[in-house]
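A quick note: this is a predicted structure, and the numbers were derived from the prediction, not measured.
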Amino acid sequence: MIKENQRLLNQFNVITDGVSVLFTLLLAFWVRFFLLPGGEISVPFSHYVYLGLALVPIHLFTYASFGLYESFRKKRLYQELGRLCTANVLDMALLQTFLFMFKEVHFSRWTLVFFFLLNTALLGTKRFFLRYLLRYYRQKGYNLKHVLIVGAGPMARRYLDKIRADKELGYHPMGYVSDRTGWKGLDRLGGYGVLVFLSFRYDWYGYDSYLPAADEVVSAIPAEEFSQTPAIISACEKAGVKLSMIPFYAEYMPSNPQFDDLDGLPLMNIRRIPLDNWGNAFLKRCMDLVGSLLLIVLTSPVMLFAAIGVKLSSPGPVIFRQERIGRDKKPFSMYKFRSMRVNGGQDTGWSRDHDDRKTKFGALIRKCSIDELPQLFNVLKGDMSLVGPRPEVPFYVEQFKEEIPLYMVKHQVRPGITGWAQVNGFRGDTSIRGRIECDIYYIEHWTLFFDIKILFMTLFKGIINSEKLN
């Protein structure tokens, strides 16, 4: 039933996408020459019709190549819209190249711009409402994908929690198969031995030798039962049922693992770091150099004011230097404006919102994050980046690396003045686990636009904090 529904949905998408391409090109012609003033028609309307008819199969082929007619049940709307925009940009570039090569310079460029915008907006809106309708009907119990879970370990339980928490996915767990018993959250349909009866695919069960029809089998067996894997794969292949596998080490895997091929032997990279790419690292370093120099110039009056205020507020140095652990676990001296009285616990004491060691002026500059400005010189030196995981003192690194899973992964990139964890509220005395989850997400999903987004979010939060002081 799911396959039939997906086939009908794909047919609907192909037809409506083709109609949209032709319709929006003709609509763009009307907008340019009849809605907006000052346009002279140099190419007959019929030529735009022929162009639209030619663009329909090209766009549909591009959409198919970008996977827009696959099931998006497991993907979010922004991922689908991202593929749509990329496909439209590519088709627009191809169209402009074709018109240039064949000297078809009389087609209105504004018409083509309007066509790109209208087509992207219309198809994006269609997909938004389509997802809304599918979510509504799935919550009502329609268009569900029936899933059989194999295994009863921690990964199987996590999978069940995920699909039950997100009704939009439309997964219905029918039961689980395992030699273990005692999982009260789901019906047990038998031991691993009953998987050989998957090919019978009966829609009722009352005996261990029958299994309900499943649209998908999800294997999430624990490490001690890994020897069952060949039999599970064989049973699903004989039954022609789609099999997905959640390895018992899934909590250590990235969300988008990369695979290398060693003469036919697949090698999975357990940690994908986009900044390992030389081009990505070069772009980020360029942004750090330009951004830090610009910010040093712009904030120099503020830093002068802070330096005078620190000097007058309490005895001691203006700049507080503290050893932190940076990229590749190398120590460096991080600079800040001193916001506390000189004390003996500066290398191990945790900073809190209400801390008796703070001076009044120190509390003010910490509230506005002005105390962090000297770290722009750390960025200039190459010890830090504008955006990245916050560095910790060696005392806490030694403590957390034993207590927090994946804690040391953060040291594979330069630490930052601000980061994804900080803009999500994990600052100071907050959850280390939550902070590391944000840091790992940032490291694995890094893009230049992601950095820019974090910088703007940091600026926005800084403005809000300043308003609260007033």
Side-chain angles (χ1 to χ4, degrees), residues 284-324 326 332-343 346 349-393 414-430 442 448 450-470:
K284 184 173 176 63
R285 185 59 186 150
C286 286
M287 188 179 80
D288 285 341
L289 288 172
V290 174
S292 60
L293 283 171
L294 183 62
L295 288 172
I296 286 171
V297 173
L298 293 176
T299 61
S300 55
V302 179
M303 285 196 277
L304 179 61
F305 166 77
I308 296 173
V310 170
K311 193 65 178 176
L312 296 176
S313 63
S314 67
V318 172
I319 298 296
F320 171 64
R321 294 175 175 85
Q322 188 179 52
E323 186 180 20
R324 298 287 180 111
F332 71 96
S333 293
M334 190 183 77
Y335 309 136
K336 299 178 72 172
F337 284 121
R338 182 173 56 83
S339 60
M340 296 184 178
R341 298 176 183 87
V342 177
N343 61 89
Q346 60 188 24
W350 195 271
S351 174
R352 295 174 174 84
D353 289 336
H354 302 285
D355 199 314
D356 295 335
R357 296 172 297 169
K358 290 181 186 177
T359 64
K360 290 184 178 180
F361 185 79
L364 173 65
I365 61 175
R366 285 174 70 91
K367 190 71 174 178
C368 302
S369 297
I370 294 174
D371 64 318
E372 310 282 358
L373 290 179
Q375 291 165 39
L376 292 170
F377 293 96
N378 284 119
V379 176
L380 204 59
K381 288 174 58 180
D383 294 330
M384 295 178 65
S385 176
L386 292 175
V387 181
R390 285 296 290 168
E392 289 290 357
V393 297
R414 281 191 182 92
I417 297 177
T418 185
W420 186 235
Q422 283 64 47
V423 298
N424 280 283
F426 293 102
R427 297 186 60 183
D429 189 14
T430 53
Y442 167 79
L448 203 60
F450 196 12
D451 272 2
I452 295 171
K453 173 183 176 180
I454 292 172
L455 289 172
F456 274 106
M457 291 177 70
T458 303
L459 177 62
F460 181 72
K461 288 180 179 292
I463 293 173
I464 291 178
N465 289 336
S466 298
E467 290 177 349
K468 287 180 178 178
L469 290 176
N470 300 327

Open item on the list: Any side-chain to backbone donor/acceptor pair from Arg324 onto Met334? Under 3.5 Å, distance only.
Closed with: no
Open item on the list: Within the structure provided, determine whether Thr458 and Gln422 are in side-chain contact (heavy-atom separation under 4.5 Å).
Closed with: no
Open item on the list: Can you give me the closest heavy-atom contact between Ile454 and Val423, atom names plus distance?
Closed with: O-CG1, 3.8 Å
- [ ] Indicate yes or no: at least one non-hydrogen side-chain atom of Glu323 is less than 4.5 angstrom from one of Phe332.
- [x] no
TODO: Examine the side chains of Ser333 and Arg321 and answer whether a donor and an acceptor come within less than 3.5 Å of each other.
DONE: no
Open item on the list: Taking the side chain as everything from C-beta on, heavy atoms only, tell me whether Trp420 gets closer than 4.5 Å to Phe426.
Closed with: no
Open item on the list: Under a 3.5 Å threshold, yes or no: a donor from one side chain and an acceptor from the other, between Arg338 and Thr359?
Closed with: no
Task: Pairs involving residues 292-316, ordered by first then second residue, that meet ring-ring contact (aromatic ring centres under 6.0 Å, His included) (sequence neighbours left out) - done: Phe305-Phe361
Task: Gap between atom NZ of Lys336 and atom CD1 of Ile370 - 0.5 Å precision - done: 13.0 Å
Open item on the list: Are the side chains of Val297 and Leu294 in contact, using a 4.5 Å heavy-atom criterion?
Closed with: no
TODO: With sequence neighbours excluded, give me every side-chain hydrogen bond (donor to acceptor under 3.5 Å, both in side chains) pair touching residues 286-309.
DONE: Asp288-Ser385
- [ ] Please round to the nearest 0.5 Å and tell me the distance separating atom CE of Met303 and atom CD1 of Ile365.
- [x] 12.5 Å
TODO: Can you run down the ring-ring contact (aromatic ring centres under 6.0 Å, His included) pairs that involve residues 371-392, sequence neighbours left out, and say none if there aren't any?
DONE: none
Open item on the list: Please find the pair of heavy atoms, one from Gly416 and one from Pro391, that lie closest to each other, and give the distance.
Closed with: O-CD, 3.9 Å
TODO: Not counting sequence neighbours, which residues clear side chain to side chain contact (heavy atoms under 4.5 Å, CB included) with Leu295? List them please.
DONE: Leu376, Leu386
Task: Close side-chain approach of Gln322 and Val393, heavy atoms under 4.5 Å - done: yes
Task: Pairing residues for Ala307 by the side chain to side chain contact (heavy atoms under 4.5 Å, CB included) criterion, not counting sequence neighbours - done: Val318, Phe337
TODO: Please list all pairs passing the salt bridge (Lys or Arg N to Asp or Glu O under 4.0 Å) test where one or both residues lie in residues 382-391, with sequence neighbours left out.
DONE: Glu372-Arg390, Lys381-Asp383
Open item on the list: Please find the pair of heavy atoms, one from Pro317 and one from Val310, that lie closest to each other, and give the distance.
Closed with: O-CG1, 4.1 Å
Task: For Pro389, all residues meeting side chain to side chain contact (heavy atoms under 4.5 Å, CB included), sequence neighbours excluded - done: Lys410, Val413, Asp439, Tyr442, Ile443
- [ ] Under the side chain to side chain contact (heavy atoms under 4.5 Å, CB included) rule, what do Ile308 and Leu312 come out as? Steps first, then yes or no, please.
- [x] CA-CA 6 Å; Ile308 296 173; Leu312 296 176; 3.9 Å; yes
Task: Those residues that, when tested against Tyr335, pass ring-ring contact (aromatic ring centres under 6.0 Å, His included) (two or more places apart) - done: none
Open item on the list: If I compare all heavy atoms of Ile417 with all of Met384, which pair ends up nearest, and what's the gap?
Closed with: N-CE, 3.8 Å
Open item on the list: Could you tell me if the side chain of Lys284 sits less than 4.5 Å from the side chain of Asp451, heavy atoms only?
Closed with: yes
TODO: Kindly write out the residues that satisfy side chain to side chain contact (heavy atoms under 4.5 Å, CB included) with Leu289, not counting sequence neighbours, or none if the list is empty.
DONE: Arg285, Leu380
